[in-house]
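For clarity, every value in this text was computed on a predicted model and none was experimentally measured.
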Amino acid sequence: MRVGVMTGGGDCPGLNAVIRGLVRKVERGYGGEVVGFLDGWRGVIEDDTVALTIDSCRGILPRGGTILGTSRTTPHRTEGGIAAARDTLARHGVDGLVVIGGEGTLSSALDLYRLDPVGFPVVGVPKTIDNDISCTEMTFGFQTAVEIATDAIDRLHTTAESHDRVMVVEVMGRHVGHIATWAGIAGGATMTLVPEHPFDIDAVCEALRRRHERGKWASIVVVAEGAVPVPGTLQIPEPTRDEFGHMRLGGIGSIVAQEIEARTGFETRVTVLGHVQRGGTPSAYDRVIATWFGVAAAELAHDGAFGQMVALQNGEVGRVAIADAVAELKTVGPRLWSVASEFFA
Ligand code: F6P
């Protein structure tokens, strides 16, 4: 049994734990071998590989990032990419290719799996700090990002209180507000703005004024980078896009901070956490889930369960169709959002 593995899209704490878990199960459990493809699909297209063994994976469990490197290249977007990727897999005798990625990488894996007459033998592993992939209760990396954001909010509380300031904290979350909602609840935010619920800046300022009238002078406003105002209430610049068409976000926190200060007169500062949330060592929880996903991905490859993805459901790691997982993004559920809203000013 020969299994290929690649990591695509943005990096995420826990990627190395998945790789280590996969290698362990393939080598020790099935007596097989694992070939690593470098920089996501680029390594598959260009046949850029590294042999992965239990020995070569020693020490990577707590390391952030990915030892394989990553990119947003896909075979479909690369001229001759599909044929080249197919040749590479055949040359290495790869029986199954484990694709560790977010919605974009998994969607391209699904397209390749569906190719007629012979699809690629792909197995998916959901990865993103945004936790926005459907059919899995959790993606690894998310808990680590929430811890980092919560720690930042805790620190901002004390400086906010010392200066009687409003602190706006911008966190990641391109299309969904899971990080913002969890960190907002954990950090005791006065207000949290998420993409799922467009905000009215007048209502935000009014709530802050009410809070300050009650004698509370320091407030924390958590803003997901993908948060948007109610149409027609506030002008924000069109986001630019990268070469793969992904929105480049970041900046809504500064706009919200400026508006709060201008409209209320409360001194306001902004902190943009950015890629700090994605870097560094994974939390213990993320290491466990990532390791479990890696071992389960080896089992899927062994069973020939192609077109399937490992997923956390009811506290157990099982398997779901990649097609179902990428059909729509997982947004913040109404019950958790109502918990967060209970504490808004
Ligand atoms: O999808 C995960 C994510 O962290 C988003 O929250 C963020 O918008 C994006 O990646 C940024 O990615 P990059 O800067 O690598 O393009």
Do the side chains of [Y] and [X] get nearer than 4.5 Å, heavy atoms only?
X: Phe140; Y: Val18; result: yes
X: His92; Y: Asp47; result: yes
X: Thr105; Y: Val99; result: yes
X: Met138; Y: Tyr285; result: yes

Has [X] got a side-chain atom pairing as donor or acceptor with [Y]'s backbone, closer than 3.5 angstrom?
X: Glu196; Y: Thr331; answer: no
X: Glu261; Y: Thr268; answer: yes
X: Thr139; Y: Thr128; answer: yes
X: Thr49; Y: Gly43; answer: no
X: Arg86; Y: Val118; answer: yes
X: Thr190; Y: Ala345; answer: no
X: Thr70; Y: Gly9; answer: yes
X: Glu225; Y: Glu170; answer: no
X: Thr144; Y: Ser283; answer: yes
X: Asn16; Y: Arg63; answer: yes

Report, as yes or no, whether the 6.0 Å neighbourhood of atom CZ on Phe343 holds more than 12 heavy atoms from other residues, nucleotides or ligands.
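It does not: Phe343 CZ has 12 such atoms or fewer within range.
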
Near Glu328 CD, under 6.0 Å, is it more than 12 heavy atoms from other residues, nucleotides or ligands?
no

Does a donor on one side chain and an acceptor on the other come within less than 3.5 Å for Ser108 and Thr74?
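Absent: no donor and acceptor within the cut-off.
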
For the [atom1] atom of [X] and the [atom2] atom of [Y], what is their distance to the nearest 0.5 Å?
X: Thr158; Y: His163; atom1: OG1; atom2: NE2; answer: 9.5 Å
X: Leu273; Y: Asp151; atom1: CG; atom2: CG; answer: 9.5 Å
X: Asn131; Y: Ile179; atom1: CG; atom2: CD1; answer: 8.5 Å

Hydrophobic clustering (ILVMFWY, side-chain heavy atoms < 4.5 Å, transitive) - are [Y] and [X] grouped together?
X: Val34; Y: Val50; answer: yes
X: Leu300; Y: Ile133; answer: yes
X: Trp292; Y: Val98; answer: yes
X: Ile54; Y: Leu15; answer: yes
X: Val123; Y: Val295; answer: no

Between Glu213 and Arg210, does at least one N-O distance fall below 4.0 Å, as a salt bridge requires?
no

Are the charged groups of Arg174 and Asp130 less than 4.0 angstrom apart, N to O?
no

Using the rule given for side chain to side chain contact (heavy atoms under 4.5 Å, CB included), can you reason through Arg319 versus Asp303, listing the C-alpha separation, both sets of side-chain angles and the distance that settles it, and then say yes or no?
CA-CA 12 Å; Arg319 46 185 81 174; Asp303 296 351; 2.9 Å; yes

Angle between ring planes, Phe142 versus Trp182, binned at 30° and 60°: parallel, tilted or perpendicular?
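Perpendicular.
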
Kindly indicate, with the supporting measurements, whether the criterion side chain to side chain donor-acceptor pair (under 3.5 Å) is fulfilled by Thr281 and Arg287.
CA-CA 9 Å; Thr281 189; Arg287 292 181 204 185; 3.0 Å; yes

Sort out for me which residue in Arg165, His212, His157 forms a side chain to side chain donor-acceptor pair (under 3.5 Å) with Ser219.
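Answer to the side chain to side chain donor-acceptor pair (under 3.5 Å) test with Ser219 among Arg165, His212, His157: His212.
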
With ring-ring contact (aromatic ring centres under 6.0 Å, His included) as the test, would you mind laying out the steps for Phe344 and Trp337 before giving the verdict?
CA-CA 11 Å; Phe344 293 171; Trp337 181 247; 5.6 Å; yes

Quick check: closest heavy atoms across Trp41 and Ala109, and the distance to 0.1 Å?
CZ2-CA, 4.0 Å

Write down the atom of Thr192, the atom of Ala180, and the distance for their closest heavy-atom approach.
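Heavy atoms of Thr192 and Ala180 come nearest at CG2-O, 3.6 Å.
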
What do the steps show when you test Arg335 against Val339 for side chain to side chain contact (heavy atoms under 4.5 Å, CB included), and what is the final call?
CA-CA 6 Å; Arg335 297 181 73 176; Val339 171; 5.9 Å; no

